[in-house]
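Beneath this line is the structure, given in structure tokens, with notes to follow.
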Amino acid sequence: MTIRVLLADDQALLRATFRILIDSCDDMEVVGEATDGGEAVDLARLHRPDVVLMDIRMPGTDGLAATSVICADPGLRDTRVLILTTFEIDEYVARALRAGASGFLGKDVTADALLDGIRTIACGESLLSPLATRSLITRFLASPAEGARLAAPDDLTTLTAREREVMAWVAEGHSNEEIAGKLFVSPLTVRTHVHRAMTKLGARDRAQLVVIAYRTGLVQAPPAPPGTS
């Protein structure tokens with residue numbers, strides 16, 4: 001199956017570079033290019049891409065606002081957003097995930113890593129390394145944004161004990177393979193538990209499951225390291 005990608009970046013040279021790179025792959029194609037967040041939303045609704053490669057800082061409607069609109073649109077439930085930006089700071093990562101993004105990459109990423117990232121997002125997984133996840137939730141995700149709600153603690157009662165256990169490991173940044181080793185089960189079994197938890201809690205993907213785990217208190221964020229704020 002061909003992965004359909006929408007590019008959203010105000011820099012024409014970068015869009016052209018990404019288009020050449022993506023279109024060179026047999027399993028991907030660029031279906032549209034947007035120069036700002038508003039256009040990204042319009043083109044997403046028109047083309048219904050599998051992945052939107054979204055810059056954060058653009059004139060007019062920025063990438064975070066556009067991501068919120070795309071991820072909240074029932075007609076775009078199957079569209080995933082991969083944030084690509086030069087502004088690699090924790091607060092942007094947190095805001096992107098709160099908005100519904102499935103992953104986050106810096107613009108200094110290698111070509112292979114970018115293509116692998118698009119494939120990962122298209123498969124419904126998230127791009128969150130264990131280190132990035134721990135840093136992220138420690139400083140931001142444990143404190144809900146004003147008006148934000150993904151799930152309440154009582155919603156976790158719909159999960160089985162094993163699903164809650166797996167969700168907690170996911171929230172701490174562990175991969176399916178690592179969790180499988182801890183629980184002495186197969187990675188496929190772990191993946192099944194993750195997807196069942198996502199379905200029951202209405203999470204779009206693994207990244208949102210991490211946010212829910214901390215928002216509901218299933219996992220507690222450790223204290224921020226000294227010198228951070």
Side-chain angles (χ1 to χ4, degrees), residues 1-37 39-40 43-44 47 49-59 62-68 70-71 79-141 170 173-178 204-211:
M1 180 175 12
T2 300
I3 300 171
R4 305 171 73 252
V5 181
L6 172 64
L7 305 177
D9 197 300
D10 61 327
Q11 299 183 48
L13 180 58
L14 277 178
R15 293 199 312 274
T17 301
F18 293 152
R19 175 180 280 276
I20 291 171
L21 178 63
I22 293 169
D23 283 344
S24 69
C25 300
D26 293 338
D27 61 337
M28 299 184 196
E29 66 172 336
V30 173
V31 296
E33 297 183 25
T35 59
D36 60 46
E39 188 177 11
L43 291 179
H47 296 293
D50 300 301
V51 175
V52 179
L53 195 59
M54 182 81 75
D55 187 23
I56 287 183
R57 290 201 173 180
M58 293 182 287
D62 66 22
L64 294 177
T67 296
S68 294
I70 290 172
C71 294
T79 295
R80 301 286 180 258
V81 177
L82 174 57
I83 299 290
L84 189 66
T85 182
T86 55
F87 300 93
E88 298 179 76
I89 60 175
D90 287 348
E91 185 172 7
Y92 281 130
V93 180
R95 290 175 61 194
L97 293 179
R98 285 173 182 152
S102 296
F104 187 98
L105 287 174
K107 284 186 177 177
D108 59 351
V109 69
T110 65
D112 287 343
L114 174 61
L115 295 174
D116 287 343
I118 292 172
R119 294 185 181 101
T120 298
I121 295 300
C123 290
E125 298 295 334
S126 63
L127 281 180
L128 289 175
S129 69
L131 179 60
T133 299
R134 294 185 187 113
S135 172
L136 179 64
I137 55 92
T138 296
R139 296 186 59 192
F140 294 100
L141 292 185
V170 168
H174 295 284
S175 67
N176 287 355
E177 289 72 19
E178 290 170 336
R204 288 172 58 91
D205 51 35
R206 193 183 186 98
Q208 204 168 74
L209 198 64
V210 171
V211 178

Closest approach of [X] and [Y], non-hydrogen atoms and distance?
{"X": "Ala40", "Y": "Ala8", "result": "CB-CB, 3.9 Å"}
{"X": "Ser102", "Y": "Ile121", "result": "O-CD1, 3.3 Å"}
{"X": "Ile70", "Y": "Ala44", "result": "CD1-CB, 4.1 Å"}
{"X": "Cys71", "Y": "Ala101", "result": "SG-N, 4.2 Å"}

Show me the donor-acceptor pairs, under 3.5 Å and distance only, between side chains in residues 24-32 and residues at least two apart or in other chains.
unit_1 : atom_1 : unit_2 : atom_2 : d
Ser24  : OG     : Leu21  : O      : 2.5
Asp27  : OD1    : Arg119 : NH2    : 3.3
Asp27  : OD2    : Arg119 : NE     : 2.7

TODO: Would you please test Leu53 and Leu114 for side-chain contact (heavy atoms from CB on, under 4.5 Å) and show each step?
DONE: CA-CA 10 Å; Leu53 195 59; Leu114 174 61; 4.0 Å; yes
Close side-chain approach of [X] and [Y], heavy atoms under 4.5 Å:
{"X": "Leu14", "Y": "Asp55", "answer": "no"}
{"X": "Met1", "Y": "Asp50", "answer": "no"}
{"X": "Pro49", "Y": "Thr79", "answer": "yes"}
{"X": "Phe18", "Y": "Leu84", "answer": "yes"}
{"X": "Asp36", "Y": "Asp10", "answer": "no"}

- [ ] Could you pull out all residues at least two apart from Glu33 that satisfy side chain to side chain donor-acceptor pair (under 3.5 Å)?
- [x]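 Partners of Glu33 under the side chain to side chain donor-acceptor pair (under 3.5 Å) test: Arg15, Arg19.
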If you measure from [atom1] on [X] to [atom2] on [Y], what distance do you get to the nearest 0.5 Å?
{"X": "Asp62", "Y": "Met54", "atom1": "CG", "atom2": "CE", "value": "9.0 Å"}
{"X": "Thr17", "Y": "Ile22", "atom1": "OG1", "atom2": "CD1", "value": "10.5 Å"}
{"X": "Met58", "Y": "Leu64", "atom1": "CE", "atom2": "CG", "value": "9.0 Å"}

Task: side-chain contact (heavy atoms from CB on, under 4.5 Å) partner of Leu82, the single match among Thr67, Val52, Thr120, Val51 - done: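 Of the listed options, the one satisfying the test is Val51.
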